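The structure appears below as structure tokens.
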Amino acid sequence: MISALAAVSPRVAEAQERRERTIDEVKAEAITRAENGMYPLIALDPADVREAFASIKTSDPDEWAAAFSAVAGRYMAQAKSLESTDPAKASALYGKAWRLYSFGRWPVPLSPGKKAAYAKAIEAFLDHARLMDPPIEVTHIPFEGTEIIAYLRLPKNPGGPVPVVLAISGLDSRKEDLSENFGAIIPYGIGFIAVDSPGTGQAPIKAGVTAERMFAPVLDYLATRREVDKSRIAADGQSFGAYWATKLSIVERSRLKGVVLQTPPVDASFQKDFLLNSILGNREYLFGLIPAFLNIFEGAKTVDDLAEVFPKMSLVNQNLIGKPTTQMLIIAGALDTQVPVSDAFLLLKTGDVPKEAWINPLGGHLGRQKGVWPDPLIFKQVIVPWLVRTLGVQQVQAAH
């Protein structure tokens, strides 16, 4: 869980060993992030985090998963007991359980314990989601002999077809996280459909040069729903999710009104030097960034494997940069160590249409800045207003 040494070549193992956090350092940093509402502990109660950490003595992933699952299980039981008498409180408790189970599987569920925590996270989230008003609809979209599992949520009684945002998960976030976040856009009369990006969560395929094909059936599905305004569909991606949203802004330009790209990796992010000098042992990331990347690519076992596959993912090398795109909102932090801000600038200066940008000179990954620009504030004050305006929603005051 904590160390990625088993996944790296001897040449880089020594460097990562010096830089990767120890379990005690992970605990201290995680508590700080929980206390400040920082990713990946947004909305986790610091007391719950401390309780789980009291049971964690080593970097064993199953020990991690068991500790957070034990705390989550208490909330799960409380929620079940209250569901018939106080559904609102039960939903909130299911939500707490989901977040704890989810952190128990973070960043990727590779061990038996973490896989079990991920399954419980989905269970808890769906219990939470069915008590929402309006509830989330779990959709199963056929794809290449298997299926895409997506979460669709539409406004109640809209009075006509509504705009919809296709929300794409990042490297370690999941469609459950997106669904919780995008609940804030429902009161504006905008719906969303949340999907795990290739190689993550319940996605049916791994990441690869042509994996954006996974999103075409999702757009096809939206076209079959009479509640959806097919002329007002946008896409949103955060971090690696923004990679896919960037590709969709080109290959699905005719079907999308616009895209939100929050720190999109498009070229420099995939260079070998950046991999070895910034991604490896990265401390802006809580722990395990290399295993998270290895998890999404078929057959990737080592950093050397990533060094081989990364350049193929570059949109420059795929000859896509400079092609016509949809409207774009590009969000980035100048101090980002996971996706260099130069990738945002590359998108801004290429293509065929003017683009909008929100660049935080003091921001890190996703433009976030401790105590000033946390993730929820960027979503509320930057992303939501842009989507409302781009999708032509008139009744903005309905959200207040």
Side-chain angles (χ1 to χ4, degrees), residues 163-171 190 192 195 197-198 207-216 218-220 222 229-271 274 310-334 336 338-361 363 365-367 378-379 382-393:
V164 169
V165 178
L166 166 58
I168 304 169
S169 78
L171 184 67
I190 301 173
F192 67 82
V195 181
S197 63
V209 172
T210 65
E212 71 277 1
R213 70 187 188 277
M214 193 191 94
F215 300 104
V218 180
L219 296 176
D220 293 342
L222 290 177
D229 184 341
K230 289 76 177 173
S231 69
R232 292 190 293 164
I233 297 175
D236 172 276
Q238 301 174 0
S239 193
F240 212 89
Y243 172 83
W244 303 112
T246 302
K247 294 195 80 172
L248 293 182
S249 76
I250 299 167
V251 303
E252 293 286 2
R253 183 169 62 101
S254 64
R255 295 205 281 180
L256 293 175
K257 188 79 171 176
V259 296
V260 176
L261 310 173
Q262 197 168 2
T263 60
V266 295
D267 182 52
S269 303
F270 297 113
Q271 302 308 311
F274 188 75
F310 264 26
K312 299 174 184 177
M313 301 299 290
S314 163
L315 299 191
V316 170
N317 293 341
Q318 292 178 32
N319 297 312
L320 290 175
I321 294 295
K323 290 187 178 297
T325 71
T326 65
Q327 300 177 70
M328 289 181 175
L329 169 63
I330 301 170
I331 295 170
D336 192 341
Q338 296 177 59
V339 176
V341 71
S342 60
D343 274 358
F345 292 143
L346 177 61
L347 284 179
L348 282 170
K349 69 181 184 181
T350 56
D352 65 326
V353 297
K355 304 173 182 72
E356 297 178 62
W358 187 90
I359 310 292
N360 185 353
H365 195 53
L366 303 185
I378 294 173
F379 186 79
V382 182
I383 295 174
V384 169
W386 190 87
L387 287 169
V388 167
R389 175 164 49 86
T390 300
L391 293 174
V393 176

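Since the structure is predicted, the reported quantities are computational estimates derived from the model, not experimental observations. Starting from 1, each residue takes its place in the sequence as its number.
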(message) Does Phe215 form a side-chain contact (heavy atoms from CB on, under 4.5 Å) with Ile168? I'd like the steps, not just the answer.
(response) CA-CA 9 Å; Phe215 300 104; Ile168 304 169; 3.7 Å; yes
With rounding to the nearest 0.5 Å, note down the distance linking [atom1] in [X] to [atom2] in [Y].
X: Ile359; Y: Leu348; atom1: CD1; atom2: CG; value: 6.0 Å
X: Thr325; Y: Leu320; atom1: OG1; atom2: CG; value: 11.5 Å
X: Lys323; Y: Asp352; atom1: NZ; atom2: CG; value: 11.0 Å
X: Gln238; Y: Ile383; atom1: CD; atom2: CD1; value: 5.5 Å
X: Thr246; Y: Met328; atom1: OG1; atom2: CE; value: 5.5 Å
X: Ile321; Y: Thr350; atom1: CD1; atom2: OG1; value: 5.0 Å

With a 3.5 Å distance limit and no angle check, can you tell me whether [X] reaches the backbone of [Y] through a side-chain donor-acceptor pair?
X: Tyr243; Y: Leu315; answer: no
X: Asp343; Y: Ala268; answer: yes
X: Asp236; Y: Ala167; answer: no
X: Lys355; Y: Leu347; answer: yes
X: Ser314; Y: Val316; answer: yes
X: Ser197; Y: Ser169; answer: yes

(request) Take Ile378 and Trp358 through the test side-chain contact (heavy atoms from CB on, under 4.5 Å) and record every step on the way to the result. (result) CA-CA 10 Å; Ile378 294 173; Trp358 187 90; 4.0 Å; yes
Heavy-atom pair of closest approach, residues [X] and [Y]:
X: Arg255; Y: Ala216; result: NH2-O, 3.4 Å
X: Ser269; Y: Phe274; result: O-CD2, 3.7 Å
X: Leu171; Y: Phe240; result: N-CB, 4.0 Å
X: Trp244; Y: Gly208; result: CH2-O, 3.4 Å
X: Ala234; Y: Leu391; result: CB-CD2, 4.0 Å
X: Glu356; Y: Trp386; result: OE2-NE1, 3.0 Å

(request) If a pair satisfies salt bridge (charged side-chain N to carboxylate O under 4.0 Å, His left out) and one of its residues is in residues 261-270, list it, with sequence neighbours excluded. (result) none
(request) Taking the side chain as every heavy atom from C-beta outward, state whether Asp336 and Val341 have any atom pair closer than 4.5 Å. (result) no
(message) Measuring only between side-chain heavy atoms, which start at C-beta, is His365 closer than 4.5 Å to Val339?
(response) yes
(request) For the residue pair Lys247 and Gln318, confirm or rule out a side-chain donor-acceptor distance under 3.5 Å. (result) yes
Do any side-chain atoms of residues 257-264 form donor-acceptor pairs under 3.5 angstrom with protein atoms, and if so which ones, sequence neighbours left out?
| residue | atom | partner | partner atom | Å |
| --- | --- | --- | --- | --- |
| Gln262 | NE2 | Leu366 | O | 3.0 |

(request) Go through the steps for Glu212 and Val251 under the test side-chain contact (heavy atoms from CB on, under 4.5 Å), then give the verdict. (result) CA-CA 9 Å; Glu212 71 277 1; Val251 303; 4.2 Å; yes
(message) Does this structure show an ion pair linking Glu252 with Arg213, if we count only N-O contacts that are shorter than 4.0 Å?
(response) no
(request) Determine, step by step, whether Val393 and Leu387 satisfy the side-chain contact (heavy atoms from CB on, under 4.5 Å) criterion, reporting the C-alpha distance in whole Å, the side-chain angles of both residues, the deciding distance to 0.1 Å, and the verdict. (result) CA-CA 9 Å; Val393 176; Leu387 287 169; over 6 Å; no
